[in-house]
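A quick write-up on the structure given underneath.
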Amino acid sequence: MIRTRFAPSPTGYLHIGGVRTALFNWLLARQSGGQFILRIDDTDQQRNVEEALQPILDGLRWLGIDWDEGPEVGGPFGPYYQSQRSDRYRAAVERLLDGGHAYRDYATPDELKAEREAAEREKRPFRYSRRFMAETPEQRARFEGEGRQAVVRLKMPTEGTLVLDDLVRGRVEFAWLSEQDHVIQRADGTCLYHLANVVDDHDFQITHVVRAEEHLSNTPRQVFMLEALGYPRPTYAHLPFVAEPGSRNKLSKRKLDKYLKNRDFAQLVEHGRKIAAAIGHAVDADGFNPVIVDFYKTVGYLPEAIINYMALLGWSLDDKAEHFSRQELIEKFSLERVNKAPASFDPQKLMAFEDWHFQQLPAQRKLELVVPFLEKAGLVASPPTPDQRQIVEEAVAAAGDRIKVAGDILLFPYFFQSDEQMALDEKAVAKYLPQSRELLVKFRDCLVAAEPFDAPTLERAMHDFVDAEGIKIGQIIHAVRVAVTGQSVGMGVFDTLAILGRRRSLGRIERALNRP
RNA sequence: GGCCCCGUCGUCUAGUGGCCUAGGACACUGGCCUUUCACGCCGGCAACACGGGUCCGAAUCCCGUCGGGGUCACCA
């Protein structure tokens, strides 16, 4: 029975790199009929754990990464918050102390710092001298008499090597000598992450520890602890991390400004901001950032597209397969095929996956996804009237793959705006309207006469008009578009006219003609 | 700096000694379609970090170099 876990800290946001780690853990559990556990690493007691956790939980749920045990669902091994498990950790510390695998250390931070600096000066690797180690009551009494306070440190071995068989890394060796006597319990009695991690993984019966590569170097101390505690060693798999676009550095939420210098990244952000602004969502740099999952949710990306893209960031099935459904990923995923090298996040490729997945959707589904954006933007009633629904349906169909993200419906606001509300792109107006004025006046009559007022009829009407006038279609079609939509780009003009209907089309042309 | 990890087109990757004059995808780019935009179609550019071995034969194995990253907290 495979049991995996994802252990986020309540930071207030779900990092895209975290998603990949969670996904791989989830996939592994789901494909084997095992369990995926969510544990909250909140040992550095913050104020608003619940508040800082909610976006993470929401993000995971939105992505379809559900957990069998953890916050909000409970489970037989709870609590699943590290802050509520301190007695478990203290008991483990006691056992480590009793077994001689850890010791109380009374060195002050300054004394420690001095040792570190001395080692650096002499250009030798630092290793704590254990000068203030206390293993007997007498020693403790003496140090405490000096007013010192104790932390608990691991008493790491000084010889031999640890051999780790990592599912993605292969065989990795560490010399015990180069490991530090890490602190596992602070002077105030609270425990540190590594200890908590080992205890929890054991308590929750985690069989496979799948986590980011940055934890590889931390593994020896964890193995030391779990062996000292008599726990079985889980199977480890250290994933390459998700890197910045065009670099090998770890992707970081705080470096958005730097990423914005990357053209593709800037494009993605700009596209997102436009949509977010239209629906009244705050677009400040901190809360609205493509490194965070919430960004995609806000803009209307498909969770299955993000899942698909993330799965391929460091994993592949073969030389061809690109598009996977959730179910296919569950069936095909394997840690053996996870890459070792970091994979950098490519906004354009994500968008390509989004596009593909969105175009797979049936019209009805697209409609459901798109309507909330129009509602939030105040372009349709909530819920939309039957007439509005009709227009949305036609617009989505006519837009075709121009809508890649649900929020892209806002590219076509003019269907839902009154003539007065519709914004005019002055540059487009200046470019196409003046020289086509006369033609536009004449073409108006074709629109009056067209029967029925649908795209094929209108197209025929325009071609007849063009033939009769002896002009090129370009001399009239752009003017019509600008007059009717206010823009120079968009979906097919005839579709646009048909969706707008005769009355509104004529009204807008009239309006354009009457502009000073 | 010590220790550990990593190194195939710009990016994600296929590749486990001959099928590789290195395949696919995204991006870029030329053309077609369309007098918008998007899609689609056809074509192009573009990589085994470097140097030594081993071998009849190396992107694939070994050694070294270089480069990148991670980690060395009373953070997680």
Side-chain angles (χ1 to χ4, degrees), chain A residues 7-11 41-44 82 105 107-109 112 116 119-120 123-127 149-153 164 166 168-170 172-175 177-180 182-194 196-197 212-221 238 240-241 243 245-250 263-264 309 312-323 337 339-353 355-356 359 399-404 408 411 428 432 466 472-478 480-482 485 487-493 496:
Chain A
S9 294
T11 52
D41 283 12
D42 56 348
T43 52
D44 65 341
Q82 289 194 325
D105 176 49
T108 64
L112 220 55
R116 249 183 255 280
E120 201 167 320
K123 296 205 187 306
R124 61 173 163 79
F126 167 71
R127 206 158 203 286
Q149 285 194 312
V151 298
V152 178
R153 285 183 183 279
L164 214 60
D166 189 287
V168 345
R169 251 63 233 192
V172 184
E173 294 187 20
F174 296 89
L177 184 61
S178 54
E179 291 299 317
Q180 301 295 331
H182 299 281
V183 173
I184 53 174
Q185 189 176 73
R186 300 181 180 95
D188 67 5
T190 58
C191 293
L192 273 83
Y193 165 75
H194 292 289
N197 181 62
E213 184 190 348
E214 59 197 277
H215 289 285
L216 184 57
S217 314
N218 300 331
T219 308
R221 78 185 79 159
H238 286 92
F241 48 77
S247 144
R248 295 297 191 203
N249 295 323
K250 195 165 75 172
R263 202 176 109 255
D264 302 338
Y309 175 67
L312 257 15
L313 220 48
W315 173 85
S316 66
L317 179 65
D318 55 30
D319 57 336
K320 295 274 158 53
E322 290 264 301
H323 300 293
R337 291 198 58 85
N339 267 336
K340 295 178 179 177
S344 61
F345 180 81
D346 182 352
Q348 281 185 315
K349 192 139 186 172
L350 205 210
M351 186 53 103
F353 276 96
D355 189 6
W356 188 87
Q359 303 326 322
D401 42 38
R402 289 173 186 85
I403 298 177
K404 302 177 191 308
D408 281 342
L411 254 31
Y432 294 113
V466 163
K472 286 197 244 170
I473 196 169
Q475 291 173 259
I476 177 69
I477 198 168
H478 299 303
V480 172
R481 180 193 301 285
V482 172
T485 70
Q487 301 179 15
S488 59
V489 297
M491 61 183 75
V493 191
T496 305

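Here is how names work: the chains are called A, B, and so on, in the same order as the sequence lines, proteins then strands, and each is numbered from 1.
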| field | Side chain A/Q180, main chain A/F126, donor-acceptor under 3.5 Å | value | yes
| Under 3.5 Å: donor-acceptor pair, side chain of A/R337, backbone of A/S316 | yes
| said: For a quick check of understanding: with a heavy-atom distance under 4.0 Å over all strands, which category does A/F126 fall into, base, sugar-phosphate or nothing? | reply: nothing
| Under 4.0 angstrom, heavy atoms only, what part of the nucleic acid is A/Y193 near: base, sugar-phosphate, or nothing? | base
| request: For A/L192, answer base if it contacts any base atom (sugar-phosphate contacts may also be present), sugar-phosphate if it contacts only those atoms, and nothing otherwise; contact means non-hydrogen atoms under 4.0 Å. | output: sugar-phosphate
| field | Rounded C1' spacing from B/rC50 to B/rU13 in Å | value | 23 Å
| note | By nearest-heavy-atom nucleotide on RNA chain B, the more 5' of A/G492 and A/K123 is A/K123
| Does A/R186 make a side-chain N or O approach to OP1 or OP2 of B/rC75 shorter than 4.0 Å? | yes
| Does A/N249 have a side-chain nitrogen or oxygen under 4.0 Å from the phosphate oxygens OP1 or OP2 of B/rG69? | yes
| Length of the CZ-P vector between A/R337 and B/rU13, whole Å | 11 Å
| task | Specify the separation, in whole Å, of atom CD1 of A/I184 and atom P of B/rA73. | result | 15 Å
| said: Give me the distance, rounded to whole Å, that separates B/rC9 from B/rC5 when you measure between the P atoms they each carry. | reply: 22 Å
Protein and nucleotides 19-26 of chain B: nitrogen or oxygen contacts under 3.5 angstrom:
| residue | atom | partner | partner atom | Å |
| --- | --- | --- | --- | --- |
| B/rG23 | N2 | A/D319 | O | 3.4 |
| B/rA25 | O2' | A/E322 | OE1 | 2.7 |
| B/rA25 | N3 | A/K349 | NZ | 2.7 |

| Distance-minimising heavy-atom pair for A/V466 and A/I473 | CG2-CA, 3.8 Å
| request: Indicate, with a heavy-atom threshold strictly under 4.0 Å, whether A/H238 touches base, sugar-phosphate, or nothing. | output: nothing
| query | Base, sugar-phosphate alone, or nothing: which one does A/G400 contact when heavy atoms must sit under 4.0 Å apart? | reply | nothing
| message | Using a heavy-atom cut-off of 4.0 Å across all strands, would you classify A/H182 as base, sugar-phosphate, or nothing? | response | nothing
| field | B/rG40 to B/rG52 separation - P atoms, rounded to the nearest Å | value | 46 Å
| field | Verdict with reasoning, A/L411 to A/Q487, per side chain to side chain contact (heavy atoms under 4.5 Å, CB included) | value | CA-CA 10 Å; A/L411 254 31; A/Q487 301 179 15; over 6 Å; no
| message | Is the phosphate of B/rC3 approached by A/S217 (side-chain N or O, under 4.0 Å from OP1 or OP2)? | response | no
| request: Between B/rG68 and B/rA49, how far apart are the C1' atoms? Round to whole Å, please. | output: 11 Å
| field | Given RNA chain B, 5'-ward residue of the pair A/D401 and A/A343, judged by closest heavy atom | value | A/A343
| So, is A/S316 near the phosphate of B/rA14, with a side-chain N or O under 4.0 Å from OP1 or OP2? | yes
| query | Base, sugar-phosphate, or nothing for A/E173, non-hydrogen atoms under 4.0 angstrom? | reply | sugar-phosphate
| said: Can you measure A/R263 atom CZ to B/rC28 atom C1' for me and round it to whole angstrom units? | reply: 8 Å
| remark: note: A/Q180, atom CD; B/rC4, atom C1'; distance rounded to Å ~ 14 Å
| message | Checking the side chain of A/E120 only, and the main-chain atoms of A/P125 only, is there a donor and an acceptor separated by less than 3.5 Å? | response | no
| What nucleic acid atoms does A/G314 come within less than 4.0 Å of, heavy atoms only: base, sugar-phosphate, or nothing? | sugar-phosphate
| request: Evaluate the ring planes of A/W356 and A/H323, with Trp represented by its six-membered ring, and classify them as parallel (under 30°), tilted (30 to 60°) or perpendicular (over 60°). | output: parallel
| query | At under 4.0 Å between heavy atoms, what does A/M491 touch on the DNA or RNA strands: base, sugar-phosphate, or nothing? | reply | base
Which atoms of nucleotides 6-8 of chain B (N or O only) lie under 3.5 Å from a protein N or O atom, and what are those distances?
none

| B/rA58 to B/rU8 separation - C1' atoms, rounded to the nearest Å | 14 Å
| message | Counting the atoms with a prime plus P, OP1 and OP2 as sugar-phosphate, which does A/R127 contact under 4.0 Å by heavy atoms, base, sugar-phosphate, or nothing? | response | nothing
| Shortest non-hydrogen contact from A/Y309 toward A/D346 | OH-N, 2.7 Å
| d(CD, A/E120; C1', B/rC3) in whole Å | 15 Å
| request: Have a look at A/V172 and say if it touches a base, only the backbone sugar-phosphate, or nothing, with a 4.0 Å heavy-atom cut-off. | output: sugar-phosphate
| request: For B/rC66 versus B/rC33, give the span between their C1' atoms, rounded off to a whole number of Å. | output: 50 Å
| note | B/rU54 -> Watson-Crick or G-U wobble partner, both distances under 3.5 Å, gives none
| said: On a heavy-atom basis, which atom in A/F241 and which in A/R248 lie closest, and how many Å separate them? | reply: CE1-O, 3.3 Å
| remark: Regarding the side chain of A/R116, the nearest nucleotide among B/rC12, B/rU36, B/rC74 is B/rC74
| task | Could you check how far CD of A/E179 sits from P of B/rC3, rounded to whole Å? | result | 12 Å
| task | Provide the Watson-Crick or G-U wobble partner of B/rA25, both distances under 3.5 Å; none if there is no partner. | result | B/rU11
| Main-chain N/O of A/H238 paired to A/D166 side chain as donor or acceptor, under 3.5 Å | yes
| query | Is the distance from OP1 or OP2 of B/rC12 to the nearest side-chain N or O of A/S344 less than 4.0 Å? | reply | yes
| How is A/N197 classified with respect to the nucleic acid when contacts are heavy atoms under 4.0 Å: base, sugar-phosphate, or nothing? | nothing
| field | Distance, rounded to the nearest Å, where A/D355 contributes CG and B/rC37 contributes C1' | value | 14 Å
| said: Between A/R169 (side chain only) and A/K340 (backbone N and O only), is there a donor and an acceptor less than 3.5 Å apart? | reply: yes
| task | Specify the separation, in whole Å, of atom CD of A/E214 and atom C1' of B/rG69. | result | 11 Å
| query | Between A/D105 and A/V151, is there a donor-acceptor pair closer than 3.5 Å when you use the side chain of the first and the backbone of the second? | reply | no
| Using a distance-only test with no angle check, is there a side-chain donor-acceptor pair under 3.5 angstrom linking A/R186 and A/T190? | yes
| query | B/rA38, B/rG69, B/rU35: which one has an atom nearest the side-chain heavy atoms of A/H478? | reply | B/rU35
| query | Is A/I473 touching bases, backbone alone, or none of the nucleic acid, heavy atoms closer than 4.0 Å? | reply | base
| field | A/A243 backbone acceptor or donor facing A/S344 side chain under 3.5 Å | value | no
| query | Expressed in whole Å, how much space separates the P atoms belonging to B/rG30 and B/rG51? | reply | 35 Å
| message | Measuring only the P atom in each nucleotide, how far is B/rG24 from B/rG43? A whole number of Å is fine. | response | 11 Å
